[in-house]
Amino acid sequence: MLKTLSILLMIGLAAFIILRPAHAASVPQPGSPAPGFTLLDAKKAQHRLTDYAGQWLVLYFYPKDDTPGCTKEACSFRDDLFQLEKLGAKVVGISVDDPKSHAKFADKYSLPFPLLSDSDGKVADSYGALTNLGIIKIAKRYTFLIDPQGNIAKTYLKVDTSRHSQEIIDDLKQLKTAQPH
């Protein structure tokens, strides 16, 4: 009986250690510098935050390639890309999926913007956008609008995938008119 109880206690402790959420970084606040990154896209080309200096950047984290919500969000960005680029913004998606998965997803839905692979979750964590359950890591659906100076202009922590890209377009228009020329 004591041996069985000890085994159950050990299993419970091991499960707690493995499945407990690890400490995540806090979400960077508007006005603070955006955390830097260097990640590979679907074609294994390297992208850095500094590559987007001097322009607005819509940096969106998403949970998984080719899932309903992520597809809806990505296709909305694709469909609104002309308007976003007209406002001086680039779009970049990040998830913990690998470049091969990103390539299939981008090809299937004709996504014209980079999808970056954050396989170890370090970049998502630096933005407070990582759910880390030990053996399972997944990006939260968070978006960061980064200004041309590399600072967080706006955060989106509750995303409605059906209207998210339009929300960013509206906010970009407002932010650009408030910006000194």
Side-chain angles (χ1 to χ4, degrees), residues 24-63 65 69-97 99 102-103 105-106 109-130 139-181:
S26 60
V27 174
Q29 296 303 302
S32 67
F37 61 82
T38 302
L39 294 172
L40 297 179
D41 68 13
K43 296 175 184 166
K44 298 193 180 176
Q46 210 171 57
H47 292 255
R48 295 179 176 84
L49 176 63
T50 54
D51 296 340
Y52 301 93
Q55 54 197 326
W56 290 89
L57 177 63
V58 177
L59 186 68
Y60 82 98
F61 291 87
Y62 64 98
D65 288 336
C70 297
T71 299
K72 185 177 225 176
E73 184 177 27
C75 290
S76 291
F77 281 127
R78 176 201 64 204
D79 296 345
D80 292 338
L81 191 61
F82 176 76
Q83 291 179 71
L84 288 159
E85 288 183 340
K86 192 174 173 187
L87 291 166
K90 296 291 184 188
V91 174
V92 173
I94 297 178
S95 81
V96 298
D97 292 316
H102 284 339
F105 184 45
Y109 295 101
S110 301
L111 303 177
F113 49 83
L115 300 176
L116 306 183
S117 177
D118 183 23
S119 57
D120 61 9
K122 287 182 181 175
V123 174
D125 188 53
S126 73
Y127 280 83
L130 183 70
K140 297 174 185 174
R141 192 178 310 282
Y142 285 1
T143 300
F144 299 86
L145 185 55
I146 301 171
D147 71 20
Q149 292 74 42
N151 296 313
I152 302 292
K154 189 154 175 97
T155 60
Y156 304 84
L157 307 182
K158 293 185 180 185
V159 172
D160 176 350
T161 58
S162 64
R163 56 181 229 65
H164 187 47
S165 64
Q166 185 59 53
E167 178 183 21
I168 291 172
I169 290 167
D170 295 342
D171 288 343
L172 251 176
K173 287 176 182 176
Q174 189 174 25
L175 286 164
K176 287 183 68 119
T177 57
Q179 215 179 26
H181 296 285

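When side chains are defined from C-beta on, P99 does not count as touching K43, because their heavy atoms never get closer than 4.5 Å. Looking only at side-chain heavy atoms (C-beta outward), I94 and Y62 stay at 4.5 Å or farther from each other. In this structure, W56 and L84 have side chains that are not in contact, with every pair of non-hydrogen atoms separated by 4.5 Å or more.
If you look at Y142 and Y127, their ring centroids are not closer than 6.0 Å.
Residues that satisfy the ring-ring contact (aromatic ring centres under 6.0 Å, His included) test with H47, not counting sequence neighbours, are absent from this structure. For F113, there are no ring-ring contact (aromatic ring centres under 6.0 Å, His included) partners two or more places apart in sequence or in a different chain.
When all heavy atoms of A139 and S95 are compared, the pair lying nearest together is CB-CA, 4.4 Å. Among all heavy-atom pairs drawn from P63 and C70, the shortest one is CD-SG, 3.4 Å. Contact record, R48 with Y52: O-CD1, 3.4 Å, taken as the closest heavy-atom pair. Contact between P28 and I152 at its shortest, heavy atoms only, is CB-CG1, 3.9 Å. The nearest pair of heavy atoms linking L172 to A89 is CD1-CB, 3.6 Å.
Counting only residues at least two apart or on different chains, the salt bridge (charged side-chain N to carboxylate O under 4.0 Å, His left out) pairs with a member in residues 81-93 are E85-K90. Judged as a ring pair (Phe, Tyr, Trp, His ring centres under 6.0 Å), the pairs with a partner in residues 71-95 (not counting sequence neighbours) are, in order, Y60-F77, F77-H164.
Atoms CG and CD1, from L59 and I146 in turn, are 4.5 Å apart once rounded to the nearest 0.5 Å. Rounding to the nearest 0.5 angstrom, the gap separating the OG1 atom in T71 from the CZ atom in F105 is 4.0 Å. Taking CD of Q46 as the reference point, atom CG of L39 lies at 8.5 Å (rounded to 0.5 Å). Note that CG of D125 and CZ of F61 are 10.0 Å apart. Values are rounded to the nearest 0.5 Å.
The side-chain contact (heavy atoms from CB on, under 4.5 Å) test with K173 singles out one residue from I169, T177, L175, and that residue is I169.
Under the 3.5 Å distance criterion, with hydrogens and angles disregarded, no donor-acceptor pair is assigned to the side chains of D41 and H102. Side-chain contact check for D170 and Q174: no donor-acceptor pair (N or O, by modelled atom type) lies under 3.5 Å.
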When the side chains of residues 153-162 are checked against the rest of the protein, which donor-acceptor pairs come out under 3.5 Å, sequence neighbours left out?
{"residue": "Y156", "atom": "OH", "partner": "D171", "partner atom": "OD2", "Å": "2.7"}
{"residue": "D160", "atom": "OD1", "partner": "S162", "partner atom": "N", "Å": "3.1"}
{"residue": "D160", "atom": "OD1", "partner": "S162", "partner atom": "OG", "Å": "2.7"}

Solution key, residues 114-121 side-chain donor-acceptor pairs under 3.5 Å, sequence neighbours excluded:
{"residue": "S117", "atom": "OG", "partner": "D97", "partner atom": "O", "Å": "2.7"}
{"residue": "D118", "atom": "OD1", "partner": "G121", "partner atom": "N", "Å": "3.4"}
{"residue": "D118", "atom": "OD1", "partner": "K122", "partner atom": "N", "Å": "3.3"}
{"residue": "D118", "atom": "OD1", "partner": "V123", "partner atom": "N", "Å": "3.2"}
{"residue": "D118", "atom": "OD2", "partner": "V123", "partner atom": "N", "Å": "3.3"}
{"residue": "D118", "atom": "OD2", "partner": "A124", "partner atom": "N", "Å": "2.7"}
{"residue": "D120", "atom": "OD1", "partner": "K122", "partner atom": "N", "Å": "3.0"}

Steps toward side-chain contact (heavy atoms from CB on, under 4.5 Å) verdict (V91, I168)
CA-CA 11 Å; V91 174; I168 291 172; over 6 Å; no

